[in-house]
Amino acid sequence: MICHLQKYLKQARIPLNPLTSRIRFHSSSENCSHIVSSSPIESYCSDGPRLDHHQVLCVDSPRLPDIDVIISKVHVGSSEDEVFQSLKQDHVCNAIQPSRYLVNKLIHRFKDDWKSALGIFRWAGSCPGYEHSSEIYEMMVDILGKVRQMDQMRALLEEMSKGHIVTLNTIAKVMRRFSGAGQWEDAVRTFDELGTFGLEKNTETMNLLLDTLCKEGKVELARSVFLELKSCIPPNAHTFNIFIHGWCKINRVDEAQWTIQEMKGHGCHPCVISYSTIIQSYCRQYNFSKVYELLDEMQAQGCPPNVVTYTTVMSYLAKSGDFEEAIRITEKMKIVGSKPDSRFFNCLIYTLGRASRVQEAVYVYQVEMPENGVAPDTSTFNTMITMFSHHGHHEKAFHVLEEMNKLEHCKPNVQTFHPLLKSCFKTGKTDECLSQLLDDMVNKHHLSLDITTYTLVIHGLCRANKCEWAYLLFKEMIGHDITPRYQTCRLILDEVKQKHMYDAAEKIEAVMKKL
DNA sequence: GCGCCCTTAG
C-alpha cells in the first residue's frame with residue numbers, strides 16, 4: 001500500500017487529495033468519517049496503517065502540496081496557540097510562504113474548527129511578507145461569530161480598523177453575528193461606530209442593521225432604531241420590505257400589511273417582493289383565499305406575481321395536500337408568461353411526484369427543463385431520486401445518481417443518498433449495494449455521515465437482522481462524537497441481546513446512561 | 001426539527 005502510494009506520487013504528480021483528506025478526517029471534528037464500515041471487516045482494520053501513510057507522506061514526499069503539509073500539522077483539540085506554535089516551530093511549515101489563496105483555502109477548510117482556523121490565521125499573519133486581505137479577515141470574523149467568540153471577533157475587527165481594511169461586508173458580518181448571538185446593543189453600536197471605520201451611515205447601512213435585527217425577530221427593536229434614524233437617513237422601498245419580512249417572520253401579518261400602507265405614505269411603491277413576502281405568510285397559515293386575493297391585488301396594482309411568488313404558492317399548496325391545485329399554478333404562470341427557473345421546476349417535479357404523476361414529472365425533467373434552458377441542480381436530482389424511490393422504481397433512482405455523477409457541476413450531498421439507502425433496505429439489498437453506497441458517500445464524495453444517515457442505516461440493518469454491522473456503525477458514530485437517539489440505542493440493544501452479544505449490550509447501556 | 005447558506009422573496 002505504501003509503495004503503491006509513492007509510485008502514485010512520483011508518476012502522477014497528482015496531490016493525494018482523497019488519501020490526505022481521509023487522514024485529516026480521521027482526526028478532525030469537522031469530518032471524521034473515513035472509517036465508515038462499508039463492510040464489517042474493513043472497519044476492524046481501519047486505523048493503524050493509515051497513520052503510517054501519514055508519516056510517509058509528510059517525510060518522504062516532496063510533492064505534497066503546501067496545504068496538506070499544514071493540515072497535517074494541525075491537531076484537533078489543540079488550542080489556537082498550540083496550533084500556532086506547532087506551525088511556527090515546524091521547519092517544513094516555515095519554509096512555506098503563505099499566499100492569500102492558500103490561507104483562504106485553509107481557513108475555509110477549518111471553518112467548523114475555530115481554534116485551528118485562528119491558529120492558522122495567526123501563523124500566516126506572522127509570516128514576513130504576508131498580509132491578510134479583508135476577505136480572509138472577514139472569513140475569520142464569521143467563523144468566530146458563529147461559535148459566539150464575540151470578544152475574539154471584536155478584537156479582529158479592531159485589528160482591521162487599525163489597518164483601515166474594514167469593508168461594508170465586514171460590518172454586515174459583524175452585525176449579523178452580534179444579532180445572532182442576541183447582542184443587539186452591540187449590533188446597533190457597530191452601526192453607530194461606522195464613522196470610525198471610515199464608513200458612512202446611510203440608507204444602505206441602516207438597512208443592513210435593520211435587516212440583521214429583523215432576521216433575528218427583533219422587529220420592534222428595529223422599529224425603534226428606525227424611528228430614531230429616519231429623520232437623518234431616508235428610508236427606501238428596501239427598508240420597508242425588510243420590515244414586512246420581519247413582521248411576517250414573527251407571524252404578524254397585520255403589521256406587515258400596515259407597513260405596505262406606511263411605505264406608500266413615504267412615497268415608496270410596494271413591489272413584487274413586498275407582496276410575495278406577505279403571500280408566503282398567508283401560505284404558512286394555509287389561508288389560501290387570502291393568497292388568491294393578494295395575487296389578484298398584485299395584478300390590479302400593476303405589480304404582477306413572478307416565478308418566486310408562484311413557486312411559493314405552489315409549494316405550500318402541495319404541502320397542504322392539494323396537489324392538483326398546486327399543479328394548476330403552472331397554468332397561471334404560463335398565462336402571465338413568467339419564466340420558470342430551476343427552483344420552480346424542482347417544486348413542480350416534487351408536486352407531480354407527490355400526486356403520483358411520475359411520468360409527467362419525468363417529462364418535466366427530460367423535456368420542459370431543457371426546452372426552457374434550465375439546467376438541473378443537486379436539488380432536482382434529489383427530488384427525482386426521492387420520487388423514484390418512493391414509488392418503488394429503485395433502479396431508476398440509482399440511474400439518476402449515475403446521471404448526476406457524470407456531471408461536473410452538480411455534486412451529490414447527504415440528502416441524495418438517503419432515499420437510495422432506504423431503497424437498499426426495501427429491496428433487501430443490504431450487502432454489496434449498501435456498502436457501495438456508504439463507500440461512495442465517504443470516499444468518493446467526501447461526505448460525512450450525519451445523525452440522520454447513521455440512524456437510517458442502523459435501524460435498517462437491525463430490521464434486516466444484521467445487528468453486528470449495525471453495532472459497528474453505532475461504535476463509529478460514537479467515535480465521531482455523534483450522539484445516537486434513544487430509540488436507536490433501544491433498538492440495537494434489543495437486537496444485540498437477542499444475539500447474546502453481551503459485551504456490546506453493556507457498552508450500549510453505558511451510552512444510554514449518558515443520554 | 002435544526003443548522004446551513006445567505007440575507008429584500010421561493
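By convention in this document, chain letters (A, B, ...) are assigned in the order of the sequence lines, proteins followed by strands, and residues within each chain are numbered from 1. These numbers come from a predicted model, not from an experiment.
When the P atom of B:dG10 is taken as reference, atom CD of A:Q280 falls 5 Å away, rounded to whole Å. The separation between A:L295 atom CG and B:dG10 atom C1' is 13 Å, rounded to whole Å. In this entry the distance linking CZ of A:F345 with C1' of B:dG10 reads 15 Å, nearest Å. B:dT8 atom P lies 5 Å from atom NE2 of A:H238, rounded to whole Å. Atom-to-atom, CD1 of A:I278 to C1' of B:dT8 comes out at 13 Å; the value is rounded to the nearest Å. Protein atom CE of A:M206 is 13 Å distant from nucleotide atom C1' of B:dT8, rounded to whole Å.
Here the separation of B:dC6 from B:dG1, taken at their P atoms, is 25 Å to the nearest Å. Going from the C1' atom of B:dG10 to that of B:dC5 covers 15 Å, rounded to whole Å.
A cation-pi arrangement, defined by a distance under 6.0 Å to the six-membered ring centre and an angle within 45 degrees of its axis, is present between A:R223 and A:F243. Judged by the 6.0 Å and 45° rule, A:K319 forms a cation-pi pair with A:Y316.
A donor and an acceptor atom sit less than 3.5 Å apart, one in the side chain of A:N306 and one in the base of B:dA9.
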Can you check nucleotides 1-7 of chain B for protein contacts, nitrogen or oxygen pairs under 3.5 Å, and list what you find?
| unit_1 | atom_1 | unit_2 | atom_2 | d |
| --- | --- | --- | --- | --- |
| B:dT7 | O2 | A:K215 | NZ | 3.0 |

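Among the atoms of the strands shown, none is found under 4.0 Å from any heavy atom of A:V313. The residue A:S276 sits close to a base: some heavy atom pair falls under 4.0 Å. Counting any heavy atom pair closer than 4.0 Å across all strands shown, A:T311 reaches a base atom.
A search for ring pair (Phe, Tyr, Trp, His ring centres under 6.0 Å) contacts involving A:H445 returns A:F417, not counting sequence neighbours. Every residue two or more places apart in sequence or in another chain that forms a salt bridge (Lys or Arg N to Asp or Glu O under 4.0 Å) with A:R189 is listed here: A:D186. Listed by chain and residue number, A:Q436 satisfy the side chain to side chain donor-acceptor pair (under 3.5 Å) test with A:D440 (two or more places apart in sequence, or in another chain).
Under the salt bridge (Lys or Arg N to Asp or Glu O under 4.0 Å) criterion, no residue pair touches residues 362-377 of chain A, with sequence neighbours excluded. Pairs passing the salt bridge (Lys or Arg N to Asp or Glu O under 4.0 Å) check and including a residue from residues 242-253 of chain A, sequence neighbours excluded, read A:E220-A:R252, A:R252-A:E255.
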